[in-house]
Participant: 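Would you mind keeping the following structure in view while I ask a few things?
Keep in mind that the numbers below use all heavy atoms, side chains included, and drop hydrogens, waters and symmetry copies. Atoms within each ligand, like the ligands themselves, are counted from 1 in listed order.
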Amino acid sequence: MPSLHRRCSWLSLLVMALPPPPPRFVLRGSQSAVNTLHFSCRSEADSPPLLFSGSLSGLIHVWNLQTRRVDTTLDGHAGQSVYWVKILEGQHLLLSQGRDLKLCLWDLAEGRNAPVDSLSLDSVGFCKGSVLTEGTQGCWLLAVPGKGMDEVQVLDMPSKTSVCTLKPEAGAKAGMPMCLELWKPPSGSGPLLLAGYEDGSVILWNVSERRMLSRLSCHKEPVMSLDFDSGRAKGVSGSSEKVLCVWSLDEHHSLKVCRTQELTNPGIADVAIRPDGKILATAGWDHRIRLFGWKQLKPLAVLDYHSAAVHCVAFSDPGRPGEQLLAGGSKDQRISIWSVYSQT
Ligand SMILES: *[C@@H]1O[C@H](CO)[C@@H](O)[C@H](O)[C@H]1NC(C)=O
């Protein structure tokens with residue numbers, strides 16, 4: 001009789017050796033590199049689950065995940081690369097940000113497909129905006145790269161009233177903001193902002209006080225993407241380097257590195273933590289999507305489907321019964337849809 005221990009390790013070897021499943025399906029037809037993805041599966045029962053994608057050609061595609069086809073194509077960025085799309089749940093409102101230095105607001109109710117408002121941006125970088133939905137009806141907070149090279153601007157929306165400009169003190173040399181994440185601590189106090197910068201640091205800002213609470217130098221290269229699990233007060237960031245950095249916030253709102261994870265190849269374009277806090281996905285320049293257990297950063301799978309750099313990863317929003325989906329968008333113009341570890 002082999003010992004239980006030996007049987008277990010044999011089993012885990014077997015599991016490791018199994019190739020990961022192929023994509024559930026692939027969305028083709030964006031006809032341009034896919035820069036950004038956002039699911040909207042939570043809307044009314046009669047509306048199909050949707051996936052929004054923004055492309056290098058400047059178009060936004062609205063994919064119906066039941067028919068696996070494009071329902072609507074939105075053209076509002078003058079042919080300039082769209083690098084952020086986001087749905088404001090329950091409001092039929094879509095936000096898109098493009099290299100035409102415009103942030104467009106679309107009302108998609110009743111089949112409409114023209115922007116209803118827009119905001120001029122001053123930053124020429126690729127820093128995506130971030131939104132925080134406020135308790136009060138229809139109001140939300142928006143963070144976008146600001147006028148000054150190292151600034152982040154926070155606005156009250158939809159009124160477009162400026163709330164504040166966040167700028168590291170003179171001499172901080174943080175460079176341009178590269179990625180933003182607005183969030184509200186569970187304690188119920190005011191909004192905070194995590195921003196990744198060109199110099200490789202992550203800064204935590206108190207938006208109400210316009211004050212830097214903490215700064216962590218976690219990368220040697222610009223921070224390409226970050227995501228934050230506010231329940232565990234733990235976040236993750238990636239850069240062009242060969243390493244993922246996991247950091248946490250202590251009770252004094254000080255950022256600390258928890259661990260760094262060495263990767264096989266350099267270059268992380270995007271990171272996403274699944275809303276249930278169980279899985280982390282990374283989008284690799286090496287054409288691969290990697291999955292990790294979020295708690296221990298245990299490598300779970302390498303999804304090897306794309307034939308060019310993966311630019312973005314997104315998880316479906318929770319709340320709708322059924323499968324949890326992961327989408328990856330690539331320079332190869334395809335969007336892969338995966339059903340992974342829905343049972344865990
Ligand atoms: C942020 O500033 C507000 C206003 O001063 C304060 O009430 C809140 O406690 C601060 N939050 C943190 C995390 O420091």
Participant: Distance alone, cut at 3.5 Å: any donor-acceptor contact between the side chains of S57 and S55?
Facilitator: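 Their side chains do contain a donor-acceptor pair, which is all the 3.5 Å distance test asks for.
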
Participant: Taking the six-membered ring of W294, is NZ or CZ of K234 closer than 6.0 Å to its centre and within 45° of its axis?
Facilitator: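 Yes; both conditions hold, so K234 lies above the ring face of W294.
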
Participant: Quick check for students: name every N or O atom pair between ligand 1 and the protein closer than 3.5 Å, with distances.
Facilitator:
from     : atom 1 : to   : atom 2 : distance (Å)
ligand 1 : 2 (O)  : N206 : OD1    : 3.2
ligand 1 : 2 (O)  : N206 : ND2    : 2.4
ligand 1 : 5 (O)  : E209 : OE2    : 2.9
ligand 1 : 11 (N) : N206 : ND2    : 2.9
ligand 1 : 14 (O) : N206 : ND2    : 3.4

Participant: Indicate the ring-plane relationship of Y83 and F126, choosing parallel, tilted or perpendicular according to the 30° and 60° boundaries.
Facilitator: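 If you compare the ring of Y83 with that of F126, the planes turn out perpendicular.
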
Participant: Between S96 and H77, do the side chains contain a donor N or O and an acceptor N or O under 3.5 Å apart?
Facilitator: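 Yes.
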
Participant: Answer yes or no: are there more than 12 heavy-atom neighbours, outside R69 itself, under 6.0 Å from its atom CZ?
Facilitator: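 Not more than 12 within 6.0 Å, no.
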
Participant: Any side-chain heavy atom of T282 sitting closer than 4.5 Å to one from F292?
Facilitator: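 Yes, at least one pair of side-chain atoms sits under 4.5 Å.
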
